[in-house]
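The sequence lines fix the lettering, A, B, ..., with proteins before strands; numbering per chain opens at 1.
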2 protein chains.
Amino acid sequence: MATIRDVAKQAGVSVATVSRVLNSNGYVNNETKKKVDEAIRQLNYKPNAVARSLYKKTSKTIGLIVPDIVNPFFPELARAVEDTAHKKGYNVFFCNTDENVEKEEHYLEILLQKYVDGVIVASNTLTAEKVKELNIPVVSIDRKITAEIPTVVVKNKEGAQKATSYLKEIGCERIAHLRGPHHIDNANERADGYLEEVGSAPWFQSSYIADGNYVMKTAIQATVELLERHPEIDGIFAANDVMAIGAVKAAHRIGKMVPEELAIIGFDGISMAEATTPELTTIAQPIYDMGTAVTDLLVKLIEKKPVERTFLELKVELIERESTRKQNNNKGGREHGAKDHSSRQY
Amino acid sequence: MATIRDVAKQAGVSVATVSRVLNSNGYVNNETKKKVDEAIRQLNYKPNAVARSLYKKTSKTIGLIVPDIVNPFFPELARAVEDTAHKKGYNVFFCNTDENVEKEEHYLEILLQKYVDGVIVASNTLTAEKVKELNIPVVSIDRKITAEIPTVVVKNKEGAQKATSYLKEIGCERIAHLRGPHHIDNANERADGYLEEVGSAPWFQSSYIADGNYVMKTAIQATVELLERHPEIDGIFAANDVMAIGAVKAAHRIGKMVPEELAIIGFDGISMAEATTPELTTIAQPIYDMGTAVTDLLVKLIEKKPVERTFLELKVELIERESTRKQNNNKGGREHGAKDHSSRQY
DNA sequence: ATGAAAGCGCTAACAG
DNA sequence: CTGTTAGCGCTTTCAT
């Protein structure tokens, strides 16, 4: 590969001049600039980003740390992050931690050694202290770590309330909740939202809440048990779409019709929710927008540009599909006015 | 951040000595090593990977170029690549090209400037010529580019034959094919496999092959038209799972029962295929293994270790689920002996 | 407007 | 066994 020296020699100027035209700063005569450009072209010269990084102490790269890209929530997020980063001239290092603290800290260390300018984390295990030590901007997505760390999340509680009250509106009278892990904030917030809506209903029992752990397999099992214990249940709010899909399978397995006998609503808005039969009604997060927002935020922090707010709470949206329909149990189901905001393309 | 100089000063030795203990090469007295280690600990020193890269002309990073991480085939692949790379001490830059040549070439250029040691591409648009210019190892996954570029693929034709003959075995007598894009090799190979099995059957018509373009929306439309034009069709081999899911939806929409009236089999083995009702029978690719294999291959090339073969063609596996069952059309369906190798976990 | 030269943090001869 | 030193390729004062 040609270096800046080769270009300088070829153009008959000094490396400083070449550097000047490369970065278009400082004065440089139009004629000499032409010579340099020509030399660059002839040699097919590309500046060495590593050398530049070493000097400038910045690398135009960021780290993206997710638990597991295979989790259907993350591909779209990762795509948004990469798109936005690329647009702003940054490359992204891609890391999976499986929610494992050591792995996470190890990655952070490596990223730091590689001079990343900032990092985006989706993590529950990261402490504020560790982040401080890094001395580079860190932003959190989907999970709030501490008040000091800039964060992009969605209105989980509000979404959960929306889901639950929607089930009430279409006529469900015994609504259960398939909740996520107790150590994950957004799972607790969603459970809170559910409780807010039905916690004080005369029919409510704490055993209407089942642990699904955000995983399909567990959710299937939990739903089967739930429905066997409580055959009166006519609506389920699952705290994520994966569990909602599990719930659909469970219902199918024990012969409950969805949505006729049992309405099911999920949370997230992952594309897998459109693969099911019936297609899943869900509270959709603006996943791509979240990715864009965190990345914008991070880049602003890196480039020390002013940021308005460091805590963004984005809105969620009810997408009505087939897994919920007005229940015709003539006990008072009301008309529901929501339109289908689905992104179905056919 | 502390530098090697700081450590040297703190330990009362020269930077060379520090470098020696860092890289554990060259002789260094055990006592001085201890002093150095202690200084490193005290200063919480971490060597600067950029400076090291600059000197060594290698960065311990690789690039991963995929069309779109949102495409359900790629998250698992990306995960495998990242896992394997990490295990071998490499980080991975993550790039989405949308199959766009300019974007792809642009990424390659940037990666090159950033000194990546090698790159893994999933691309149809890359030319051998471009790869040559790079002067670093490049390996291709899922798509063969040219003979010179080391590649990991699966036995597409064989898998397609397996899918088609399986449909015959369970009693289908009018088997259609939902094919992928004409410019993608694996789509053509899968179509070839299908043709091999049924192309000369008395009932065969070229209009039994529909273009689905690997996309759900298109596949739904194509399947509806196909079934309206040819109501006699009792089996569909879709060239990927996403289209197979589309076919299931199409069948559902026009009131054909799957699998009773219409058997559907996909290709890929993505997890989404387990979210559907009925769950999808498919020809599964060993996606994770493919990722591991390309990464191993790439790292060997980078480190100039001997590689046995530079063209790996992995086996696919039939996973029987619910979307295909022995057709009871008493016209001669035979027993089929395949076991369920499904990864269903419940 | 241009060039010389120092230095980013590290590694690897080479000398001792 | 350890230290001195010359780079890796680039950017940026500081002179001129």
Side-chain angles (χ1 to χ4, degrees), chain A residues 1-37 39-40 43-61 89 109-117 135-136, chain B residues 1-37 39-40 43-61 89 109-117 135-136:
Chain A
M1 284 239 72
T3 76
I4 199 173
R5 292 195 111 76
D6 301 325
V7 176
K9 194 170 296 174
Q10 174 88 348
V13 298
S14 75
V15 296
T17 305
V18 177
S19 178
R20 284 190 192 100
V21 347
L22 245 35
N23 303 284
S24 32
N25 68 16
Y27 298 97
V28 38
N29 184 307
N30 222 305
E31 285 308 304
T32 50
K33 170 167 164 37
K34 269 187 192 140
K35 282 191 297 184
V36 171
D37 283 336
I40 287 174
L43 297 167
N44 188 28
Y45 166 76
K46 305 278 184 303
N48 178 327
V50 172
R52 184 175 285 175
S53 281
L54 182 59
Y55 187 90
K56 310 251 281 192
K57 296 181 179 310
T58 160
S59 60
K60 287 286 183 181
T61 82
E109 201 159 279
I110 295 176
L111 292 176
L112 204 59
Q113 293 186 215
K114 292 210 171 163
Y115 263 49
V116 299
D117 298 329
N135 285 316
I136 56 173
Chain B
M1 284 238 75
T3 76
I4 199 174
R5 291 195 115 73
D6 302 324
V7 175
K9 193 169 300 173
Q10 174 87 351
V13 298
S14 76
V15 294
T17 304
V18 178
S19 179
R20 284 189 193 101
V21 346
L22 246 34
N23 303 284
S24 34
N25 69 16
Y27 300 96
V28 37
N29 183 305
N30 222 305
E31 286 307 303
T32 50
K33 171 167 162 38
K34 268 185 193 144
K35 282 192 297 183
V36 171
D37 282 337
I40 287 174
L43 297 167
N44 188 27
Y45 167 76
K46 304 277 184 303
N48 179 327
V50 173
R52 183 175 285 174
S53 281
L54 180 59
Y55 186 91
K56 311 251 281 190
K57 295 180 180 312
T58 160
S59 60
K60 288 286 185 179
T61 82
E109 201 159 281
I110 295 176
L111 292 176
L112 205 60
Q113 293 184 219
K114 292 213 170 162
Y115 262 49
V116 298
D117 299 328
N135 286 317
I136 56 173

*Interatomic distance, Tyr45(A) OH vs dG9(D) P [rounded to whole Å]*: 10 Å
*Can you name the closest pair of heavy atoms from Lys114(A) and Val50(B) and give their distance?*
O-CG2, 3.8 Å
*Please tell me if the side chains of Asn48(B) and Thr3(B) come closer than 4.5 Å, counting only heavy atoms from C-beta onward.*
no
*When you get a sec, tell me which of dT2(D), dT11(C), dA5(C) is the closest nucleotide to the side chain of Thr17(B)?*
dT2(D)
*Below 4.0 angstrom from OP1 or OP2 of dT11(D), is there any side-chain N or O of Lys57(A)?*
no
*Taking only the side-chain nitrogens and oxygens of Ser14(A), find out if one of them lies under 4.0 Å from OP1 or OP2 of dA4(C).*
no
_Rounded to whole Å, please give me the gap between CD1 in Ile4(A) and C1' in dA4(C)._
14 Å
*Which pair of heavy atoms, one from Val15(A) and one from Ile4(A), lies closest together, and at what distance?*
O-CD1, 3.7 Å
*Between Ala16(B) and Ala16(A), name the one whose nearest nucleotide on DNA chain D is closer to the 5' end.*
Ala16(B)
*Closest nucleotide among dT13(D), dC8(D), dC10(C) to the Pro47(B) side chain*: dC10(C)
*Can you find a heavy atom in the side chain of Arg20(B) that is under 4.5 Å from one in the side chain of Asn25(B)?*
yes
*Below 4.0 angstrom from OP1 or OP2 of dT2(D), is there any side-chain N or O of Thr32(B)?*
yes
*asked:* Rounding to an integer number of Å, can you tell me how far Arg52(A) CZ sits from dC8(D) P?
replied: 18 Å
*What is the distance, rounded to the nearest whole Å, between atom NZ of Lys9(B) and atom P of dC10(C)?*
13 Å
*Any residue of residues 23-31 of chain B with a heavy atom less than 4.0 Å from an atom of DNA chain C*: Asn23(B), Asn25(B)
*In whole angstrom, what separates Asp6(B)'s CG from dC8(C)'s P?*
11 Å
*What integer distance in Å separates Arg5(B):CZ from dT4(D):P?*
11 Å
*Look at the side chain of Ser19(A) and decide which nucleotide, out of dT11(D), dA12(C), dC10(C), has an atom nearest to it.*
dT11(D)
_Interatomic distance where NZ belongs to Lys35(B) and P belongs to dC1(D) [whole Å]_ = 14 Å
_Least distance between heavy atoms, Ser14(B) atom then Ala8(B) atom_ = C-CB, 3.8 Å
*What are the two closest heavy atoms between Arg52(A) and Pro47(A), and how far apart are they?*
NH2-CB, 3.6 Å
*Could you state the CG-P distance from Leu54(A) to dG9(C), rounded to the nearest angstrom?*
7 Å
*asked:* Quick check: closest heavy atoms across Met1(B) and Asp6(B), and the distance to 0.1 Å?
replied: O-OD2, 4.3 Å
*asked:* Heavy-atom nearest nucleotide on DNA chain D for Gly12(B) versus Ala51(B): which residue maps closer to 5'?
replied: Gly12(B)
